[in-house]
Novice: 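Sharing a structure below in structure tokens format, with a few things to ask.
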Amino acid sequence: MADLPGIVVTGASGRMGQMLVRTIVASGKARLVGAVERAGHDWVGRDIGAAMGGAAIGVAVTDDPLEAFAKAQAVIDFTAPAATVEFAALAAQARAVHVIGTTGLEAAHLAKIDAAARHAVVVRAGNMSLGVNLLVRLTQKIAAALDEDWDVEIVEAHHRMKVDAPSGTALMLGRAAAEGRGVDLDDAMDSGRHGITGARKRGQIGFAAVRGGDIVGEHDVIFAADGERVILRHVATDRAIFARGALRAALWGQGQKPGQYDMMDVLGL
Ligand SMILES: NC(=O)C1=CN([C@@H]2O[C@H](COP(=O)(O)OP(=O)(O)OC[C@H]3O[C@@H](n4cnc5c(N)ncnc54)[C@H](O)[C@@H]3O)[C@@H](O)[C@H]2O)C=CC1
Ligand SMILES: O=C(O)C1=N[C@H](C(=O)O)C[C@H](O)C1
């Protein structure tokens, strides 16, 4: 047991944080060695298992990430952009693999993560599930096979608490469609239409976001032509799919060279 990789979960009280704690503890492939929450959170100082409403597991929630990371071989981080940037620097300092699931990262955040990845292994993906990563590959292939008579639209749906749009997954799918077509997503993207928008421009890749209830995550890639449509769909019904992917990434990252990787690397897709 002691020689299994030690993993710290950041944002441990969150929807994904709790799922990650359960997944790691049940896995038999890694040890949970730390649980980090933001300063002032009322779980700080409590045993994470007990705080989650179960049996104590001997890991106290801390608001000191550096101290936690120093004991770890990997950090799994599903939090928020500002926190993830801070954790990237600290994980690199501790030479721990940093698995980043956080979405809503902007160019300035990504530049800081790039800098950290010069010193440590970073695995980052807007969606860690096997199904979505397969869908990304399929999207790329279909977009490459179809011309711009086929309009590409990406429709995503998530729970009412989600704070960023388009979702990280929708952006992965949009990028794959753009890559398949040999264009840059920044030039082709049309997100959040409202008002008198004018007719759809040929070659655009459209995005629409639904938010409501407890939807875990649903993504459609629609290829719409005159007289026919092809629709690729992924429906997540359980956050365990993301946690399993993140744990797999943390284990895969052990012994890799410093740099930035994604789930395609981890899954060999
Ligand atoms: N890549 C993937 O496969 C997936 C990514 N996500 C992304 O993961 C992120 C988190 O999602 P949820 O768990 O639903 O959110 P959540 O809001 O339930 O959890 C986030 C947690 O991070 C904590 N946190 C924020 N700042 C912190 C700091 N400085 N230090 C320590 N903890 C901090 C919060 O207190 C909270 O407990 C979002 O960006 C979401 O889009 C979610 C599911 C799958
Ligand atoms: O916030 C979420 O919940 C999810 N976020 C990721 C995203 O932005 O795509 C992955 C998944 O869809 C759930």
Side-chain angles (χ1 to χ4, degrees), residues 8-23 34-44 48 51-52 61-69 75-91 98-106 109 122-133 135-136 154-176 207 209-221 233-250 262-264 266-267:
V8 170
V9 172
T10 58
S13 80
R15 280 173 288 274
M16 278 306 301
Q18 294 192 49
M19 182 56 79
L20 285 158
V21 166
R22 276 189 225 106
T23 301
V36 174
E37 255 304 340
R38 59 188 158 71
H41 192 284
D42 59 7
W43 285 19
V44 172
I48 182 66
M52 285 168 52
V61 179
T62 177
D63 59 6
D64 183 346
L66 186 55
E67 189 223 6
F69 294 4
V75 174
I76 304 186
D77 176 17
F78 287 62
T79 54
T84 289
V85 163
E86 181 197 338
F87 297 149
L90 297 178
H98 189 193
V99 177
I100 302 176
T102 306
T103 59
L105 297 161
E106 293 175 347
H109 303 120
V122 175
V123 184
R124 184 176 70 82
N127 194 305
M128 303 258 168
S129 74
L130 174 59
V132 158
N133 283 278
L135 193 71
V136 167
I154 297 166
V155 183
E156 50 110 339
H158 285 88
H159 54 94
R160 62 168 75 90
M161 301 306 290
K162 184 160 179 64
V163 297
D164 55 309
S167 69
T169 311
L171 292 170
M172 284 167 72
L173 293 164
R175 239 171 255 121
F207 289 78
V210 174
R211 295 286 176 269
D214 62 355
I215 302 169
V216 173
E218 303 185 1
H219 293 86
D220 280 7
V221 184
R233 168 171 295 172
H234 182 268
V235 177
T237 55
D238 187 341
R239 288 187 176 83
I241 61 171
F242 311 128
R244 282 199 296 267
L247 174 58
R248 188 163 168 174
D262 61 21
M263 284 306 285
M264 298 296 177
V266 173
L267 298 169

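Numbering starts at 1 and runs along the sequence shown. Whatever order the structure lists them in is the order used to number ligands and atoms, beginning at 1.
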Novice: Which distance, rounded to the nearest 0.5 Å, do you find between the CE of Met16 and the CE of Met128?
Specialist: 8.5 Å
Novice: Give me the nearest non-hydrogen protein atom to atom 9 (C) of ligand 1 as residue plus atom name, then the distance to 0.1 Å.
Specialist: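 Result for atom 9 (C) of ligand 1: Thr79 O, 3.4 Å.
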Novice: Quick check on contacts: which atoms of ligand 1 are under 4.0 angstrom from a heavy atom of Gly11?
Specialist: 21 (C), 22 (O), 23 (C), 32 (N), 37 (O)
Novice: Checking contacts here: is it the side chain or the backbone of Phe87 that comes within 4.0 Å of ligand 1, counting heavy atoms only? Could be both or neither.
Specialist: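 Answer for Phe87: side chain.
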Novice: Which atoms of ligand 1 sit under 4.0 Å from any heavy atom of Thr102?
Specialist: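 Atoms satisfying the 4.0 Å criterion: 39 (O).
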Novice: Would you say Ser13 touches ligand 1, if touching means a heavy atom closer than 4.0 Å?
Specialist: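 Per 4.0 Å heavy-atom rule, Ser13 contacts ligand 1.
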Novice: If I apply the N/O under 3.5 Å rule, does Lys162 come out as touching ligand 1?
Specialist: yes
Novice: For ligand 1, find out whether one of its N or O atoms is nearer than 3.5 Å to an N or O atom of Gly17.
Specialist: no
Novice: Check each atom of ligand 1 against the heavy atoms of Phe242 and keep those under 4.0 Å away; list them by number with element.
Specialist: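 Near Phe242, meaning under 4.0 Å from one of its heavy atoms, ligand 1 has 3 (O), 43 (C), 44 (C).
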Novice: Which residue holds the protein heavy atom closest to atom 16 (P) of ligand 1, what is that atom called, and what is the gap in Å?
Specialist: Arg15 NH2, 3.6 Å
Novice: If we count only N and O atoms by modelled type, under 3.5 Å, do the side chains of Asp64 and Thr62 hold a donor and an acceptor together?
Specialist: no
Novice: Would you say Asp77 and His98 are linked by a side-chain donor-acceptor pair, where the criterion is simply a distance under 3.5 Å?
Specialist: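 Their side chains do contain a donor-acceptor pair, which is all the 3.5 Å distance test asks for.
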Novice: Look at atom 4 (C) of ligand 1 and say which protein heavy atom is nearest, naming residue and atom and giving the distance to 0.1 Å.
Specialist: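 Protein heavy atom at minimum distance: Phe78 CE2, 3.3 Å.
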Novice: Report yes or no: does a heavy atom of Asn127 sit under 4.0 Å from some atom of ligand 1?
Specialist: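 Yes.
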Novice: In order of chain and number, which residues sit within 4.0 Å of ligand 2 by heavy atom?
Specialist: Thr103, Gly126, Asn127, His158, His159, Lys162, Ser167, Gly168, Thr169, Val216, His219, Phe242
Novice: Considering the heavy atoms of Gly14, write down every atom of ligand 1 situated less than 4.0 Å from one of them.
Specialist: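 Those qualifying, in numeric order: 18 (O), 19 (O), 37 (O).
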Novice: Among protein heavy atoms, which sits nearest to atom 3 (O) of ligand 1, and what does the distance come to when rounded to 0.1 Å?
Specialist: Met128 N, 2.9 Å
Novice: Closer than 3.5 angstrom, by distance alone: can the side chain of Asn133 be matched with the main-chain N or O of Asn127 as a donor-acceptor pair?
Specialist: yes
Novice: Ignoring angles and geometry beyond distance, decide whether Ser129 reaches within less than 3.5 Å of ligand 1 through its nitrogen or oxygen atoms.
Specialist: no
Novice: Is the backbone N or O of Gly126 less than 3.5 Å from a side-chain atom of Thr103, with the two atoms forming a donor-acceptor pair by type?
Specialist: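 A pair under 3.5 Å: no.
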Novice: Name the closest protein heavy atom to atom 35 (O) of ligand 1, giving the residue it belongs to and the distance to 0.1 Å.
Specialist: Glu37 OE1, 2.8 Å
Novice: Are a donor atom and an acceptor atom from the side chains of His158 and Ser167 found within less than 3.5 Å of each other?
Specialist: no
Novice: Using 0.5 Å steps for rounding, measure from the CD atom of Glu86 to the CG atom of Leu66.
Specialist: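 The CG atom of Leu66 is 9.5 Å from CD of Glu86, to the nearest 0.5 Å.
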Novice: I'd like to know if the side chain of Glu37 and the backbone of Ser13 have a donor-acceptor N/O pair within less than 3.5 Å.
Specialist: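 Yes: the side chain of Glu37 pairs with the backbone of Ser13.
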Novice: So which protein heavy atom does atom 40 (C) of ligand 1 come closest to, and at what separation?
Specialist: Thr103 OG1, 3.6 Å
Novice: Give the atoms of ligand 1, by number and element, whose distance to some non-hydrogen atom of Gly101 is under 4.0 Å.
Specialist: 1 (N), 2 (C), 4 (C), 5 (C), 6 (N), 7 (C), 8 (O)
Novice: Would you say ligand 1 has an N or O under 3.5 Å from any N or O of Ala83?
Specialist: no
Novice: Go through ligand 1 atom by atom and flag the ones less than 4.0 Å from a non-hydrogen atom of Met16.
Specialist: 13 (O), 42 (C), 43 (C)
Novice: Please say whether His159 places an N or O atom under 3.5 Å from an N or O atom belonging to ligand 1.
Specialist: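 No - when backbone and side-chain N and O of His159 are compared with those of ligand 1, no distance drops under 3.5 Å.
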Novice: With the threshold set at under 4.0 angstrom, would you say Ala125 reaches ligand 1 through any of its heavy atoms?
Specialist: yes
